[in-house]
Amino acid sequence: MTELIKLIHNTVNQLFDFNFQDSQIQFQQTRKEFEGDITLVVFPLVKVAKKSPEETGKVIGEGVVKSIEEIESFNVIKGFLNLKFTDTFWKKKFSIQIQNPNWGIENPNSSNRTILVEYSSPNTNKPLHLGHLRNNFLGYSVAEILKANGHDVKKVQVINDRGIHICKSMVAWQLFGNGETPENTGLKGDKLIGNYYVKFDKEYKNEIANLIEEGLTEDEAKKQAPLMQNAQQMLVKWEQGDGETVDLWKKMNSWVYSGFDVTYKTMGVDFDKLYYESETFLLGKNIVQKGLDENFFFKKEDGSIWIDLKNDGLDEKLLLRSDGTAVYMTQDIGTAVLRKQDFPAMDQLIYTVGNEQDYHFKVLFKILEKLGYDFAQNCFHLSYGMVDLPSGKMKSREGTVVDADDLMEDMFSTAQATSEELGKLEDASEEEKQTLYKNVGLAALKYFILKVDPKKRMLFNPEESVDFNGNTGPFIQYTYARIQALKRRKGNYDLKGFEGFYLELEERELIKKIEQFPDIVKEAGAGYSPAIIANYIYDLVKIYNQFYQSIQIFGTEKEDLRIALSHKCGEVIKSGMKLLGIDVPERM
RNA sequence: GGACCUGUAGCUUAACUGGAUAGAGCACCGCACUACGGAUGCGGAGGUUCGGGGUUCGAAUCCCUGCAGGUUCACCA
């Protein structure tokens, strides 16, 4: 397509004896109500042409039809010149497409760029919820899209395994746990720990209420409540490396990790390397100290260390508390630098984190820049909107969260109910069926979340089940499965002699759409946007269904060509869905 | 209060980064298989693109302003 655009550009230059800039030669897709394959916007040219838009379009149209053999005809509507290409042109395009099973996907590591994508990064005091699902699906998909753009991508996360939050669960378990373990309760480890986090909060509130009744103010009560003091002492003990505390901490975290592993497996996400805050915060402290020695940072009278970013339009920001303990920013600096050490080729670091931390990352990137790290200017905060419930924001402590495991289970049940109702799988084994229900249910959920622009906050209503019809994952999967049925019936196709065929409108449209896929993958990579992929696949599927509905395949002289078209379309659906982290089934 | 983000049909959303009559899905109404999977296709109805100004051949998109919602400005994470 690019070569053709160049030819047209040259022709326009010759016609008006003028050297037009690329930005003046604007192409867009032809709207489907007009005939044509590509549209030139002529408005930017009329000044030079010294003619009306219609006249200008006509002159160019006649010029390109005469001098470029791939262009068959044209029409001008207002200031828009629609150009139609020959069947031969499109058939050539198709023969290139069909020869490449990895159409649109660049070879691994062909770009010589190494990119780290961080996502997930949970705290270890509670199970994953709906918000984490958006994070995980988004991060995983963006990583896959960047891989498809030829980059060397590493998926990483940093697990917030230390801090007051896990101490709360530890204290509550010690006091109220009665030796409960995942084994003797049958609970997933993360769920068990989450229960004690909630338990802590409940008992803590009771203590506060009692203290207030005894005459303390609310602030005093919050500070003096024995449970909180207990938790803070535990944090201090942990930092001192107290054996018993560390053992308990390790034991409880290990429960959480085994729970997370199950959830990650169900979600279908993975990581190349895990970082733990407990292993990076010390490095962060050292770097802050070094930055202080080199006068990038300054120390206040109380001993706390800050950076002054007022000249950069930001504020002063705390980097180390006066008692020398680390804050979130401290460990984030440490983690970033450690990653650069682990992956010296790293050009870019992408953080998949909610938009509530927009400011945090602005500051972090600025700090890394000031410390002289080159990769800082390529750091990117993949910021996404919160997932709200009809009742408002989710709050773990108050139990108003949609649990990730539960939600996925619900999706599987819905998929099963839908499938059984349609009854197309009677001959499949029970195991195949279960795999399929998970496949379809997960597709519905992932697609539902990923088709929306990451920046937008989304409302999720658990009462209304996620759709399976229309612009949804299962609809796309269904189209794929139907194509596979055609292929099973046909066996091999043979494209010999297809150059002679006339292309139906529906066939042309399909080839045209497939031709766009490589550009779509690039665009999605440049914009870090799975939504672009999702919308493209949906368009493709709609065009295929129109083709399928209006054109007979078997028993026609173009049977092999039509099977080949279907096959290619299926391939693109499959690669596109893979970029979203969604599998497509052979039958459903 | 300062900063940032969002606002498109009843609901969920698209619009090639300034281009044609703002395009889909759900829900609603009406159609369509003597072919291959009906989890389908076609049509209808539904819009002051939050309001008001401006920039130009042309604005959902850019600028100004107002409104609504959200986030953030902590020795929390």
Side-chain angles (χ1 to χ4, degrees), chain A residues 26-34 39 41-44 46-47 52-53 77-80 82 121 123 125 160 163-165 277 300 302-306 313-315 317-329 331-332 354-360 362-363 383 385-386 388 392-393 415 418-419 421-422 424 440 448 451-453 455-461 464 466-472 474-479 481-486 489-490 516 519-520 523 527 531-532 534-535 538-539 542 545-556 559 562-563 566 587-588:
Chain A
Q26 286 178 25
F27 288 100
Q28 61 184 29
Q29 265 166 265
T30 306
R31 292 191 149 228
K32 61 175 174 223
E33 59 264 40
F34 306 114
T39 296
V41 184
V42 304
F43 294 107
V46 295
K47 265 188 190 154
S52 71
I77 291 163
K78 295 189 182 173
F80 298 88
N82 302 317
S121 299
N123 289 352
N125 62 329
N160 298 298
I164 193 74
H165 52 85
E277 190 185 326
K300 290 197 175 173
D302 60 8
S304 57
I305 298 176
W306 298 70
L314 304 167
D315 283 323
K317 189 81 184 176
L318 177 84
L319 301 180
L320 217 51
R321 294 193 187 100
S322 53
D323 64 2
T325 57
V327 291
Y328 189 42
M329 188 64 81
Q331 70 87 16
D332 252 351
N355 64 8
E356 55 196 352
Q357 294 192 33
D358 283 356
Y359 183 75
H360 173 82
K362 264 188 201 164
V363 174
S383 166
M386 299 287 97
D388 287 322
K393 207 175 166 176
T418 308
S419 181
E421 199 180 327
L422 294 166
K424 293 180 183 173
V440 174
F448 177 82
K451 75 171 184 186
V452 181
D453 182 344
K455 273 195 308 233
K456 292 186 175 172
R457 71 183 257 268
M458 59 189 290
L459 189 75
F460 186 88
N461 189 345
E464 297 168 15
V466 173
D467 264 319
F468 279 52
N469 296 319
N471 187 0
T472 68
F475 168 76
I476 292 166
Q477 289 181 312
Y478 172 74
T479 303
R482 205 166 50 178
I483 289 173
Q484 303 321 301
L486 295 176
R489 171 168 161 185
K490 173 67 182 174
Q516 288 171 14
D519 286 338
I520 292 293
E523 195 187 330
I532 290 174
N535 285 312
Y538 176 62
D539 280 347
K542 257 198 322 189
N545 284 338
Q546 282 159 8
F547 160 83
Y548 178 88
Q549 190 75 22
S550 52
I551 289 182
Q552 186 176 338
I553 293 171
F554 288 107
T556 66
E559 178 175 307
R562 286 170 183 164
I563 291 290
S566 301
R587 60 184 85 215
M588 65 190 277

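Just so it is clear: chains get the letters A, B, ... in the order the sequence lines come, proteins before strands, and each one is counted from 1. Values below: every heavy atom of this structure, side chains too, minus hydrogens, waters and symmetry copies.
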With a 4.5 Å cut-off on side-chain heavy atoms, are A/S566 and A/Y548 touching? no
Any idea which of B/G37, B/C16, B/G23 is nearest the A/Q29 side chain? B/C16
From the list B/G37, B/U13, B/C16, which nucleotide is the closest neighbour of the side chain of A/A485? B/G37
Phosphate OP1/OP2 of B/C36: any A/R562 side-chain N/O under 4.0 Å: no
Starting the side chain at C-beta, find the nucleotide from B/U40, B/U6, B/U13 nearest to A/K455. B/U6
Pick the C1' atom in B/A14 and in B/G47, then give their distance to the nearest Å. 14 Å
Hey, what's the ring geometry for A/F80 with A/F43, parallel, tilted or perpendicular (30° and 60° as the breaks)? perpendicular
I want to verify the glycosidic state of B/U17; is it syn or anti under the 90° rule? syn
If we call it a pair only when both distances are under 3.5 Å in a Watson-Crick or G-U wobble match, what pairs with B/U48? none
With a non-hydrogen cut-off below 4.0 angstrom, is A/M386 in contact with a base, only sugar-phosphate, or nothing? nothing
Sugar-phosphate only, base, or nothing, as touched by A/R489 at under 4.0 Å among non-hydrogen atoms: sugar-phosphate
Provide the distance between the two P atoms, one in B/G54 and one in B/A60, to the nearest whole Å. 15 Å
Sticking with atom P, work out how far B/U8 lies from B/U61, rounded to a whole angstrom. 14 Å
Would you kindly say whether A/H165 and A/N160 are connected by a side-chain donor-acceptor distance under 3.5 Å? no
Under 3.5 Å on both distances, the Watson-Crick or G-U partner of B/C4: B/G70
Taking the side chain as every heavy atom from C-beta outward, state whether A/I553 and A/K490 have any atom pair closer than 4.5 Å. no
Look at the side-chain N and O atoms of A/R321 and state whether any lies under 4.0 Å from the OP1 or OP2 oxygen of B/A77. yes
Using the C1' atom on both, measure B/A9 against B/G23 and round to a whole Å. 12 Å
Looking only at the side chains, is there a donor atom on one of A/N355 and A/R457 sitting less than 3.5 Å from an acceptor on the other? no
Contact class for A/L422 (heavy atom, under 4.0 Å): base, sugar-phosphate, or nothing? base
Please tell me which of the listed nucleotides, B/C36, B/U12, B/A77, lies nearest to the side chain of A/L459? B/U12
Counting only Watson-Crick or G-U wobble pairs whose two distances fall under 3.5 Å, which nucleotide matches B/C33? none
Stacking between A/F80 and B/A20, defined as ring centres under 5.5 angstrom apart with planes under 30°, is that present or not? yes
From B/U12, B/G37, B/A20, pick the nucleotide closest to the side chain of A/K451? B/U12
Using Watson-Crick or G-U wobble geometry with both distances below 3.5 Å, tell me the partner of B/A22, or none. none
Side chain of A/Y328 - closest among B/A77, B/U12, B/C73: B/A77
Check whether any side-chain heavy atom of A/R587 sits under 4.5 Å from a side-chain heavy atom of A/Q484, and report yes or no. no
Under 4.0 Å from OP1 or OP2 of B/C42: is there any side-chain N or O of A/Q546 that close? yes
Within less than 4.0 Å of OP1 or OP2 of B/G7, is there a side-chain N or O belonging to A/K456? yes
For A/L318 and A/P474, find the nucleotide of RNA chain B closest to each by heavy atoms; which residue's nucleotide sits nearer the 5' end? A/P474
Just checking A/E523: base, sugar-phosphate only, or nothing, at a heavy-atom cut-off of under 4.0 Å? nothing
Across the strands shown, which category fits A/F475 at heavy-atom distances under 4.0 angstrom: base, sugar-phosphate, nothing? sugar-phosphate
Taking atom C1' in both B/G18 and B/C28, what distance in whole Å separates the two? 36 Å
Expressed as a whole number of Å, how far does the P atom of B/C11 sit from that of B/U49? 16 Å
Any chance you could lay out the side-chain contact (heavy atoms from CB on, under 4.5 Å) test for A/D315 and A/Y359, step after step, and finish with the verdict? CA-CA 10 Å; A/D315 283 323; A/Y359 183 75; 3.4 Å; yes
With a 3.5 angstrom cut-off on both distances, give the Watson-Crick or G-U wobble partner of B/G38, or none if there isn't one. none
Please work out if A/E356 contacts a base, only the sugar-phosphate, or nothing of the nucleic acid, heavy-atom cut-off 4.0 Å. sugar-phosphate
Begin with the C-alpha distance, continue with both residues' side-chain angles, and end with the deciding distance and a verdict on side-chain contact (heavy atoms from CB on, under 4.5 Å) for A/R482 and A/N545. CA-CA 10 Å; A/R482 205 166 50 178; A/N545 284 338; 2.7 Å; yes
Picking from B/A20, B/G19, B/G38, which would you name as closest to the side chain of A/I77? B/A20
For A/T39, report the nucleic acid contact type (base, sugar-phosphate, nothing); a contact means any heavy atom under 4.0 Å. base
Give a yes/no answer on whether the side chain of A/N160 brings an N or O atom under 4.0 Å of OP1 or OP2 in B/A77. no
Partner nucleotide, any strand, of B/U17 [Watson-Crick/G-U, under 3.5 Å]: none
With a non-hydrogen cut-off below 4.0 angstrom, is A/E33 in contact with a base, only sugar-phosphate, or nothing? nothing
Using atom P in both nucleotides, what's the gap between B/U6 and B/C16 to the nearest angstrom? 15 Å
Assign A/V41 to base, sugar-phosphate, or nothing according to its heavy-atom contacts below 4.0 angstrom with the strands shown. base
A/T39 versus A/R31: any side-chain heavy-atom pair under 4.5 Å? no
Under 4.0 Å: is that the gap between some side-chain N or O of A/Y548 and OP1 or OP2 of B/G38? yes
Base, sugar-phosphate or nothing for A/D539? Non-hydrogen atoms, less than 4.0 Å. nothing
Quick one: label A/I164 by what it contacts on the DNA or RNA (base, sugar-phosphate, nothing), any heavy atom closer than 4.0 Å. nothing
State which of B/U13, B/G69, B/G19 makes the closest approach to the side chain of A/M458. B/U13
Could you work out the separation of B/U48 and B/U40 based on their P atoms and round it to a whole Å? 30 Å
With respect to the phosphate group of B/A20, does any side-chain polar atom (N or O) of A/R31 fall under 4.0 Å of OP1 or OP2? yes
Would you classify A/Y538 as touching base, sugar-phosphate or nothing, given that sugar-phosphate means primed atoms plus P, OP1 and OP2, and contacts are heavy atoms under 4.0 Å? sugar-phosphate
With a 4.0 Å cut-off on heavy atoms, is A/K542 in touch with a base, just the backbone sugar-phosphate, or nothing at all? sugar-phosphate
For A/T472 and A/D467, which I'm curious about, is there any donor-acceptor pair between the side chains at under 3.5 Å? no
Stacking check A/F43 vs B/G19 (5.5 Å / 30 deg): yes
Nucleotide nearest A/D358 when distance is taken to its side chain, options B/G23, B/A77, B/C4: B/C4
Which part of the nucleic acid, if any, lies within contact of A/D388, taking any heavy atom under 4.0 Å across all strands shown: a base, the sugar-phosphate backbone alone, or nothing? nothing
So does A/N125 reach the base of B/A77 with its side chain, donor to acceptor, closer than 3.5 Å? no
